[in-house]
Amino acid sequence: MKFLMAMALASTALLVAGCGGTAGKKGGTLTVLSQGDVDSLDPGYQYYQYDYEALSQPAQRTLYGWKPNLRKPSPDFAASMPKLSNGGKTITIKLKSGVRFSPPVNRVATAADVKYAMERDFLPQVANSYAPVYYGDIVGVKAFTDGKAKGISGIQAPNPTTLVIKTTKPVGVLTTANALTLPGTAPVPKEYAQKFDKGKTSTYGQHVVFTGPYMIPNDRSGKVTGWTPSKRLELVRNPNWDRKTDYRPAYLERIAFLAGNDLSLATRRILSGNGQISGDFAAPPVADFKLALEHYPSQVSFTPGDSYRSITMNTTVKPFDNVNVRKAVAAVIDRNALVATRGGSRIGPVATHYIPPFLPGFQEAGGSKSPYDYMSQPNGNLALAKRYMRKAGYASGRYNGPSLLMVGDDSAPAKNTGEAVQSQLQQLGFKLNYQQVPHEVANSKFCGVPKQKVAICPNWAWGKDFYDSQSMIDPTFNGKNIVPSNNSNLSELNDPKLNAAMDRAERIPDPAGRAKAWGAIDKAVTGLAVQVPWIWDNDVNLRSKNVKAVTNLFNGTWDVAFTSIK
Amino acid sequence: MTGTVDFAREAPGDEGSALIDVMPDVAARSPFQLFWRRLRTDRVALAAAALIVLLVLMAICAPLIVKLVGARPPNQQSDKYFSLGKVGVPSPTGPSSKNLFGVDPLGRDLFSRVVYGARVSLEIALAATALSVAIGLVVGLFAGYFRGWVDTVLSRLVDVLLAFPILLLGIGIASACSLGHGCLGGLIKPGLGVVILVISFVNWTYIARIVRGQVLSLREREFVEAARSLGASHMRIMFREILPNLVAPLIVYATLIIPQNILFEAALSFLGVGVQPPDPSWGKMIADATDVFDTAWWYMVFPGAALLLTVLAFNLLGDGLQDAINPRASRS
């Protein structure tokens, strides 16, 4: 459910995890250059890529975490993988002892702190966006959210190092520990945080305490002092962190995250300067990307974005209620040309469906090939498209209805992609009222608002929440996820048969069964041609020459807790 | 204004005939002849006028020119004209026999986009200028002719509009009306129309002021007095007696507003609230080119040169016209 806040890229040969193995040098300051800021300091709110990079991964201990080059969860605050009983409905998690909160709390974190953290994920003042989706089937959630219970009865802490989660039915994303890696599972000390969680909006973020190797500097009361919103975020060592309890080496002494950078300038500063890495922009502008590869190839790393980009069609807007019109659009789109607008084949392979390579279910969904003729021609096929148009009742093979509203981003490279889509659709006679707006506005005011009746969104992108394909398919294609605002089912697909199949797949506990089920659903959705996925893109990460930077496969960006200065 | 139409028509009757008796070589000349004699000697203005004629022809015959040159249509996108370079990153290619001005980052032919861009620029500039002149003329006529409370109301309105930061106002209106389904319940739809409306909305005030000033002096002249004593209605006096005397200054000011409007359109498009894609606009091209300037210089240079030449030509012609119509007025 994670939008790609940044822009990503792809390649066949992936230079993964810049330098692994050898230990780094301790000490030094690293500067991270970014366009934007983190979304929130509150682990209960954090969700997006940059939140993980700047805070969740280096400064908090979630139940499970992602080691730099593993595609499965590893115990972080937990001591081992979860034990299942009662047919997968009871999950028992042993916790490490000796994990302590940063000042001013200072005490050892316990199972009760995770229980409180997960409970507050459901508080409206915390504004967590995934708790109902992934934790909604925990026993007692409804009583808690209705205000009938003080806590969630299905989350129990029988002793300080044991956490028990009981669900009403088996929940695959919990039994595999995938959804227990989310930032909202990082312990929160109730006696300290509760006073900040009162009122309309929680202010815990401004007083947040940390369990990871780093912390934001704060004053004696716990108020954060190392953060200037939209400008600068600073991390220093957490004096209460015990190296023995953690898999993170945490070489660096200080890390400064600077927001408000121009992508092009930041790219040049990082490549030619010292002690800097790229932050929230997953790929530099095409011209700078070229410069980077020509002159600083060893300072560029690619990580699979585990995401797709697509053109969405709204099935509630004519003529896209007609499956053959949608297939015609899919057939006419020259996906290679769209990939060129983002920097070419090194930015990623042409997509043929939704689940990206490296996610379970990719092969089951068809791999790189497509069983559908309209998704099999990466250069587009006008004749085939016209055949589908005729099948849809347009005798001339061309659309002749009223003009359609298309809303896309107003900055390159997304803007160029949108204009390419526009010119490709003109070949089928589509007249578009094409509007370019800032990226946030495109989603928050238009594409994510069903009432706006936007017919086409050319700049949609979706990335995984973890290595489970439910997070790729369910939020974007399940009819139950159509909401009046911040909608992620852009096509407003509401197919009863598919909805039921997705609800069934959510319950499958074993990874192999899940891969098969979600792969099959992906194939079925691709058969309805509600979107045209065109790239599985990679993130492009940049570093200065003297930075021994390590990428994190899960997050697709640098992992500062493993990075050091040479 | 000396060479007003009505005055001149009467002029040869009295003084003119007397002069002919004394100096038979001097022929009677209409104001237009005088104007043309003066303009003819202004080579710069003539060159500018020729360039403008060429531009207009280029805009009108854009499809023909593009066809003759063998260029692709302006909106046809293609990845055929990218070079992959050493590192496999597709980048637009520069001027070549296939693409005279090179291609843009979408692989579109820049030559045909610049040629078609002249259409957009001139269309908007001429339409917006005509609209501003029409509004400004009517408002100025009424304010200057009736004076009193009509003048007070209209002049204050003009003052208020002049006090607005014009570009900001333009951006505001344009962005309000170019989003979603338009504004005023869809009456103003995104596209060229909005840009024309915005530009005229902020530019008519200058014309109104000038016209009002002229009318204030004209309404005291004898021919107006005469018309009034013959019982002519207000409308007749305003539009049949006074208006013809305003034609010359209006032509001059319109010529001077056109380049302003072209630049205003470019500015709006540069800021992303003007012409909507895929219509080619010079301002928008320049804006897009800033991202890729060091790898695709041609993307900024050609639209930039077209914009510069057009604006320069209109400015020079405007100055020339002003000199020719009113040689005693200083322009500085």
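Every chain is numbered from 1 and lettered A, B, ... according to where its sequence line falls, protein lines coming before strand lines.
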Examine whether an atom of [X] lies under 4.5 Å from a heavy atom of chain B, and if so say whether it belongs to the side chain, the backbone or both; otherwise answer neither.
| X | value |
| --- | --- |
| A:Asp288 | neither |
| A:Glu294 | both |
| A:Lys415 | side chain |
| A:Gln427 | neither |
| A:Thr341 | side chain |
| A:Asn416 | both |

* To do: Check the angle between the aromatic planes of A:Phe289 and A:Phe302 and answer parallel, tilted or perpendicular using the 30° and 60° thresholds.
  =>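 Plane angle over 60°, so perpendicular.
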* How are the rings of B:Phe101 and B:Phe111 set to each other: parallel, tilted or perpendicular (split at 30° and 60°)? ->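 Perpendicular, since the angle between the ring planes exceeds 60°.
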* Presence of salt bridge, B:Asp279 and B:Arg119, under 4.0 angstrom ->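 Looking at B:Arg119 and B:Asp279, the cut-off is not met.
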* Dump the intermediate steps for side-chain contact (heavy atoms from CB on, under 4.5 Å) on A:Gln299 and A:Leu542, then the final yes or no. => CA-CA 6 Å; A:Gln299 290 164 244; A:Leu542 310 170; over 6 Å; no
* To do: Sort out for me which of A:Pro285, A:Ser423, A:Gly418 touches chain B most, counting heavy-atom pairs under 4.5 Å.
  =>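 The candidate making the most pairs under 4.5 Å is A:Ser423.
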* Asked: Any idea which of B:Asp288, B:Asn75, B:Asp291, B:Val292 has the most non-hydrogen atom pairs under 4.5 angstrom with chain A?
  -> B:Asp288
* To do: For the residue pair B:Pro92 and B:Tyr299, establish whether any side-chain heavy-atom pair is separated by less than 4.5 Å.
  =>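 B:Pro92 does not reach B:Tyr299 side chain to side chain.
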* Distance-only side-chain donor-acceptor flag, B:Asp109 / B:Ser112, under 3.5 Å -> yes
* Asked: How about A:Gln426 and B:Gln76: does a side-chain donor come under 3.5 Å of a side-chain acceptor?
  ->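 No pair is found: no donor N or O on one side chain lies under 3.5 Å from an acceptor on the other.
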* Under 4.5 Å from any heavy atom of chain A - which part of B:Asp294 -> side chain
